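Working notes, beginning with the structure itself.
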Amino acid sequence: MESGGLLLWALPSALLLALLLQLSPRLRFRAKVLSYCALCLMASALTAPACLLWNGGRTVENMRIIKNVVRSFKYLYGLRFDVKGLEHFQVEGPCVIVSNHQSVLDMMGLMEILPDRCVQIGKRELLYFGSVGLIMYLGGVIFINRKSTSNAKSVMSGVGQAMTTDNVKVWIYPEGTRNGNGDLLPFKKGAFHLAIQTQVPVIPVVYSSFTTFYNPEKNLFTSGRIRVEVLPPIHTSGMTATDVTELCDTCYTTMRETFFRLSGTARRVNGSTPHLAQ
Ligand SMILES: CCCCCCCC/C=C\CCCCCCCC(=O)SCCNC(=O)CCNC(=O)[C@H](O)C(C)(C)COP(=O)(O)OP(=O)(O)OC[C@H]1O[C@@H](n2cnc3c(N)ncnc32)[C@H](O)[C@@H]1OP(=O)(O)O
Ligand SMILES: CCCCCCCC/C=C\CCCCCCCC(=O)OC[C@@H](O)COP(=O)(O)O
């Protein structure tokens, strides 16, 4: 009786769902994104106890465990990363790594190349994403309140202290938000203030555009290849607060050129940089 009921309801429901997914690209796209979220939530829930048992609590050491788990996700989604310039990460001591931010999939690209003893800066809201928030907390992610510049600035000056005393690298998305439109947003300045205040190098990292395989507007989420380039460190020793804007603009220009080169797209607006034109 039990198994008869299962066949009567579960089988047709599964068939109907499969049919709907075939018919509706939007639904198929949403299902795939949802599966990614579910995977992250599940993997975090399973990895959090491992982090607690291994390392006791919130520490950058947990990033190694998280990284090893996340690095397997790419096989499920058919993503490939071609990485160049990893040798540039071999700097002694702390540094500020800046990279472009296109979507939630960036987390895979991040973990693909994350150097040892490196934490990220993330928006405070991520703390409330259930087990994902917990795993980020355990990995040492620094949370900032983007709505309050003064609060974010004071958190970030505390980070400078910790970077030198605990020898940690910091990964920042200077665009400050996700952006998948095939260009870079103007950079916020926090990362560059931090690098100059702590007198540590800035290492830019660029990921090629996802638009050919991931595009929410076109309901596109297929397998794909991502080109990644770690650029040479930019040293900040001797720079002062007056050099922040120039450092920021140099990074922006270099990263934008690299982004277009890696993505195989032409520069927009006659090659002018809207950020500098403002
Ligand atoms: C096991 C399985 C696991 C699976 C699950 C996954 C787990 C994975 C675990 C771990 C992965 C973690 C992944 C995390 C990913 C997170 C991504 C995000 O959340 S991205 C959003 C947050 N990130 C940012 O927002 C960037 C940093 N933002 C900044 O640096 C901004 O500059 C900020 C917030 C500090 C201020 O932003 P403003 O919007 O006010 O803009 P401004 O133009 O930069 O600043 C205004 C003025 O303040 C000055 N200013 C800024 N910072 C300063 C400072 N530190 N000192 C002095 N002045 C400063 C500037 O110079 C500017 O002034 P003048 O225009 O130049 O006159
Ligand atoms: C019990 C609570 C259930 C909550 C369900 C939430 C499910 C979310 C689960 C997994 C998503 C994987 C997250 C990986 C972390 C990537 C971080 C990220 O890319 O966040 C976006 C942020 O950079 C920029 O934010 P906005 O573009 O300004 O917005």
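Counting starts at 1 for both ligands and their atoms, following the listed order. Quick caveat: nothing in here was measured; it's all calculated off a predicted structure.
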Per atom 2 (C) of ligand 2, closest listed option by heavy atom (Ser103, Gly130, Ser131): Gly130
Closest to atom 18 (C) of ligand 2 among His101, Met136, Glu175 (heavy-atom distance): His101
Aromatic centroids of Tyr77 and Phe221 separated by under 6.0 Å: yes
Residue portion contacting ligand 2 (non-hydrogen atoms closer than 4.0 Å) for Leu126: side chain
Residue part near ligand 2, for Arg146, under 4.0 Å between non-hydrogen atoms: side chain
Nearest neighbour in protein (non-hydrogen) for [atom]:
| atom | result |
| --- | --- |
| atom 26 (P) of ligand 2 | Thr177 OG1, 3.3 Å |
| atom 14 (C) of ligand 2 | Met107 CG, 3.9 Å |
| atom 11 (C) of ligand 2 | Cys37 SG, 4.2 Å |
| atom 12 (C) of ligand 2 | Cys40 SG, 3.6 Å |

Min side-chain heavy-atom separation Cys95-Val202 under 4.5 Å: no
Contacts of Phe143 that satisfy ring pair (Phe, Tyr, Trp, His ring centres under 6.0 Å) - sequence neighbours left out: none
Listed partners of Pro232 passing side chain to side chain contact (heavy atoms under 4.5 Å, CB included), at least two apart: His88
Test side chain to side chain contact (heavy atoms under 4.5 Å, CB included) applied to Ile144 - qualifying residues, sequence neighbours left out: Ile121, Arg146, Ala152, Val155, Met156
Side-chain H-bond candidate by donor/acceptor type, Asn145 with Asn151, under 3.5 Å: no
Thr240-Thr242 side chain donor-acceptor pair, cut-off 3.5 Å: yes
Whether Tyr214 and Phe210 hold their rings parallel, tilted or perpendicular, with breakpoints at 30° and 60°: perpendicular
Filter the ligand 1-protein atom pairs down to N or O on both sides and distance under 3.5 Å, then list them.
| residue | atom | partner | partner atom | Å |
| --- | --- | --- | --- | --- |
| ligand 1 | 19 (O) | Lys123 | N | 2.9 |
| ligand 1 | 30 (O) | Gly190 | N | 3.2 |
| ligand 1 | 32 (O) | Lys189 | N | 3.4 |
| ligand 1 | 32 (O) | Gly190 | N | 2.9 |
| ligand 1 | 39 (O) | Lys188 | NZ | 2.8 |
| ligand 1 | 40 (O) | Thr149 | OG1 | 2.7 |
| ligand 1 | 44 (O) | Lys189 | N | 2.7 |
| ligand 1 | 48 (O) | Lys153 | NZ | 3.4 |
| ligand 1 | 50 (N) | His193 | NE2 | 3.4 |
| ligand 1 | 58 (N) | His193 | NE2 | 3.4 |
| ligand 1 | 61 (O) | His193 | NE2 | 2.8 |
| ligand 1 | 66 (O) | Lys189 | NZ | 2.8 |

